[in-house]
Visitor: 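Here's a structure for you.
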Amino acid sequence: MPELPEVETIARGVDARVRGDRIVQVWFGSHREPFKNSSARQAKSLEDRSILGVARVGKHIVVGLGSAVPQTSSKGLPPEGQWIVHLGMTGRLLVTTPDAPVAAHTHARLTLASGRELRFVDPRRFGRLESRDLARQKPFAAPGADPLFVDSSAFAALFWGRRLSIKAALLHQSLLSGVGNIYADESLFRAGIRPRRQAGRLSHAELERLRQALLEVLQHAIRLGGSSVSDYVDAEGVRGFFQLEHRVYQRTGEPCLTCGTPIRRILLAGRSTHYCLRCQH
DNA sequence: CATTTCACCTGGTGGC
DNA sequence: TGCCACCAGGTGAAAT
């Protein structure tokens, strides 16, 4: 469900609430999905660790873990481990009080020394949980460039020679990490580019317009706490507001806000794709 | 290798 | 009210 702005919002919210806290107990509900490495091993690598910080990497949330020593002496030290959370389509990462009702499809509950709980809830179970021991494994890295930080020549180079559609290319996480269906459609509309255009045939000027549009739409969405299309909420259970700013996404048949032409919906790369025939070329 | 399709899940919605 | 088809923010394996 969540794309870059939603994941960023959640990561910031969780970071503000659990940084410096300590994991004292771990409960995992299901022993099949969503564990990338075994739930027993993950529980062991989380228990009695301090939380150094929480950050977004692509669409993933990375929790930096330190040793259990008092936080004053672990301050500033590099993390010894990581807990990596991918929210899939319907995942939520919530910081709650221990007595808060446990939602259906809660797969993980981490009890913290402060008394709060960090909970992972995911009805569709497309999300993934992974732990890494940094003494033996590399820290998690996004496979592609971050759309908030990529510069214009690196951005253009991502698409050079590619025959797939620009929409499919935007969704390809090993090119750009963080763009999903909403922000692909919204950035293409704002850049005036049709989603079916071949990525490798866009001019440098068009690609630069696209990079700018994408950057602006992502930053705007982050400021509004993300898009709440159905069930997305941040770490406190609060909905975002960027869905009110959508110009094409899920506005099929409604008039384009620029020219009044009904917004079209097509299927592209297996995903619903929305655009304005008149404003996008 | 690049690109496309499909399976993986549950739940909400709207038509009949 | 029930049943059913269709749709949903993502990804990665399998097919092409």
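A note on names: the letters A, B, ... follow the listed sequences, proteins ahead of strands, and every chain is numbered from 1. Below, each value reflects all heavy atoms present in this structure, side chains not excepted, and no hydrogens, waters or symmetry copies.
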Visitor: Base, sugar-phosphate, or nothing: which does A:S174 touch, judged by heavy atoms less than 4.0 Å apart?
Guide: nothing

Visitor: With distance as the sole criterion, is a donor-acceptor pair present between the side chains of A:Y232 and A:E3 under 3.5 Å?
Guide: no

Visitor: For the aromatic rings, using the six-membered ring if either is Trp, is the centroid distance between A:F28 and A:H107 under 6.0 Å?
Guide: no

Visitor: Taking only side-chain N and O atoms of A:S272, does any of them lie within less than 4.0 angstrom of OP1 or OP2 on C:dA8?
Guide: yes

Visitor: Please give, in whole Å, the distance from B:dA2 C1' to A:L164 CG?
Guide: 8 Å

Visitor: If the P atom of C:dT11 is compared with that of B:dG12, how far apart are they to the nearest Å?
Guide: 23 Å

Visitor: Without decimals, in angstroms, what is the distance between A:F120 CZ and B:dC9 C1'?
Guide: 13 Å

Visitor: Let me know the distance between CD of A:Q198 and C1' of B:dT3, rounded to the nearest Å.
Guide: 11 Å

Visitor: Between A:Y183 and A:H246, what is the ring plane arrangement, given parallel below 30°, perpendicular above 60°, and tilted in between?
Guide: perpendicular

Visitor: Using whole Å, report how far CZ of A:F159 lies from P of B:dT3.
Guide: 12 Å

Visitor: Is the ring of A:F126 stacked on the base of B:dC8, with centres less than 5.5 Å apart and planes under 30° off?
Guide: yes

Visitor: Report yes or no: does A:R194 contribute a side-chain atom to a donor-acceptor pair with the main-chain N or O of A:F189 at less than 3.5 Å?
Guide: no

Visitor: Which is true for A:G180 with a 4.0 Å heavy-atom rule: it touches a base, it touches only sugar-phosphate, or it touches nothing?
Guide: sugar-phosphate

Visitor: A:L4 CG to C:dG10 C1': how many Å, rounded?
Guide: 14 Å

Visitor: What is the distance, rounded to the nearest whole Å, between atom NE2 of A:H172 and atom P of C:dG12?
Guide: 10 Å

Visitor: Can you confirm whether more than 12 heavy atoms, excluding those of A:R163, are under 6.0 Å from its CZ atom?
Guide: no

Visitor: What contact category does A:Y183 fall into here, base, sugar-phosphate, or nothing, at under 4.0 angstrom with non-hydrogen atoms?
Guide: nothing

Visitor: Taking any strand in view, what nucleotide pairs with B:dC9 in a Watson-Crick or G-U wobble way, both distances under 3.5 Å?
Guide: none

Visitor: If you check every side-chain atom of A:R265, which of B:dG11, C:dA8, C:dG10 has the closest atom?
Guide: C:dA8

Visitor: So does A:Q250 get a side-chain nitrogen or oxygen closer than 4.0 Å to the phosphate oxygens (OP1/OP2) of C:dA8?
Guide: no

Visitor: Given atom CD1 of A:I84 and atom P of C:dG10, what is their separation to the nearest angstrom?
Guide: 20 Å

Visitor: Can you find a donor-acceptor N/O pair under 3.5 angstrom joining the side chain of A:R125 to the base of B:dC9?
Guide: no

Visitor: Distance check: side-chain N/O of A:H86 vs OP1/OP2 of C:dG10, anything under 4.0 Å?
Guide: no

Visitor: State which of C:dT11, C:dG10, B:dT3 makes the closest approach to the side chain of A:N181.
Guide: C:dG10

Visitor: To the nearest angstrom, how far is A:K36 atom NZ from C:dA13 atom P?
Guide: 9 Å

Visitor: So which nucleotide from B:dT3, C:dG10, C:dA8 ends up closest to the side chain of A:R163?
Guide: B:dT3

Visitor: Classify the side chain of A:R162 versus the base of B:dA2 as yes if they form a donor-acceptor pair under 3.5 Å and no if they do not.
Guide: no

Visitor: OP1 or OP2 of C:dG10 less than 4.0 angstrom from a side-chain nitrogen or oxygen of A:R271, does that happen here?
Guide: yes

Visitor: Between A:S272 and A:R265, is there a side-chain donor-acceptor contact under 3.5 Å, judged purely by atom types and distance?
Guide: yes

